[in-house]
2 protein chains.
Amino acid sequence: MTDRLPGDEEAAVLLANASFYQAFSDGDFAAMSALWAKRAAITCLHPGARGLFGRAPVLSSWEQILAGTRVPMRCDRPVVRVVGTAALVTCYEANGDAPAHLAATNVFALEEGTWRMIHHQAGPLMSPVPPPSAPTSVN
Amino acid sequence: MTDRLPGDEEAAVLLANASFYQAFSDGDFAAMSALWAKRAAITCLHPGARGLFGRAPVLSSWEQILAGTRVPMRCDRPVVRVVGTAALVTCYEANGDAPAHLAATNVFALEEGTWRMIHHQAGPLMSPVPPPSAPTSVN
C-alpha cells in the first residue's frame with residue numbers, strides 16, 4: 001500500500017467492484033471465485049434470501065446463478081470509501097440498458113495486496129433508478 | 001486499540017450495533033445521531049429507497065422515521081467481522097416478537113476510539129426468519 005498514491009486505493013477498489021459485475025455479466029465463475037476473499041470470512045445477502053455465511057455456500061450460490069440465463073449486470077453510481085484495509089462500495093444494479101432495480105452494498109478487504117470481496121448485499125428498489133446518462137424529463 | 005484484548009473489538013462493534021437497534025426501538029434521535037460517524041462519509045440504503053449520501057440526508061431520514069410510530073426493532077443472529085479500523089455486521093431485523101422480515105448490513109469505522117456507523121442497508125426477506133430461540137417444527 002505504501003507505494004501507492006492517494007486516491008489509488010479508491011481506484012483499485014472500484015476496479016475490484018467492476019470486476020464483480022464483469023464476472024456476473026460474463027457468467028464467469030472462475031473470475032467470480034477469484035475475486036472473493038480466500039482467508040477472510042465472506043457473507044452474501046442475495047435479494048430476498050436468507051444470509052449465506054462462508055466461502056462454500058456463498059460461491060455455490062454464485063455457481064448456480066452464473067450457470068443460469070446470462071444477465072448483463074450494470075453497476076450505476078458507485079460510491080467508494082476506503083477505511084484502512086477495508087473498503088465499501090454502494091451502487092445501483094441494473095440489467096442491460098434497463099433502469100436499476102436493485103441497491104447494493106459491496107465490502108472489500110485488502111488481502112495479499114489485492115482488494116477482495118468479503119460481503120455483498122442487494123435489495124430491490126421500489127422505483128427503478130435510470131442510468132446517470134439517461135435524459136430526464138423537463139415536465 | 002492496543003490495550004484491548006483479542007475479541008474486545010468484536011464485542012465493542014456488537015455493542016455499537018446493539019445501540020443502533022436500541023435507539024431505533026426507543027425512538028431516540030439524539031442517540032441515533034450520536035452513533036453515526038461524525039467525520040467519515042455516511043450512507044444509508046433504507047428498504048426499497050434510493051441511497052442517502054452524507055450526514056444531513058441520512059440523519060434527516062432517521063429523524064422522520066423515529067418521529068413516526070414507535071417500532072421495537074430486534075436484531076437477530078448478528079455476525080461480526082473486524083477488518084482493521086472498519087467492521088461489518090450482518091443480521092436480520094424484526095419488529096417486536098415477529099419473525100424477522102429484513103436482512104441488514106451495518107458497517108462501522110473506528111473514530112476517536114469509538115465504533116461509529118458509516119453505512120446501513122436493509123432489504124426485505126422473501127420468507128420471514130423466526131427468532132433463534134423459537135421452537136422449530138419437527139414435521
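Source: prediction; values computed, not measured. Computation of the quantities below employed the complete heavy-atom set of this structure, encompassing side-chain atoms and omitting hydrogens, waters and symmetry-equivalent molecules.
- A distance-only check finds a donor-acceptor pair linking the side chain of B:Arg55 to the backbone of B:Ala37 [under 3.5 Å].
- For the set A:Leu102, A:Val107, A:Ile118, the count of heavy-atom pairs under 4.5 angstrom toward chain B peaks at A:Ile118.
- Heavy atoms of A:Arg81 lying under 4.5 Å from chain B belong exclusively to its side chain.
- With hydrogens and angles disregarded, no donor-acceptor distance shorter than 3.5 Å links the side chain of B:Asp26 to the backbone of B:Asp28.
- Residue contact with chain B, scored on non-hydrogen atoms closer than 4.5 Å, involves the side chain of A:Thr90 exclusively.
- At a 4.5 Å heavy-atom cutoff, the contact between B:Val129 and chain A is made by backbone and side-chain atoms alike.
- Side chain of A:Gln121 to main chain of A:Ala103: no donor-acceptor pair is present (N/O by atom type, distance under 3.5 Å, no hydrogens or angles).
- Every side-chain contact (heavy atoms from CB on, under 4.5 Å) that B:His120 has, sequence neighbours left out, goes to B:Phe20, B:Tyr21, B:Trp36, B:Cys44, B:Trp62, B:Glu93, B:Ala104, B:Asn106, B:Met117, B:Ala122.
- With a 4.5 angstrom heavy-atom cutoff, A:Leu125 touches chain B via backbone and side-chain atoms both.
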(message) As a quick check of understanding, evaluate side chain to side chain contact (heavy atoms under 4.5 Å, CB included) for B:Asn17 and B:Cys75, giving each step before the final call.
(response) CA-CA 9 Å; B:Asn17 189 66; B:Cys75 169; 3.5 Å; yes

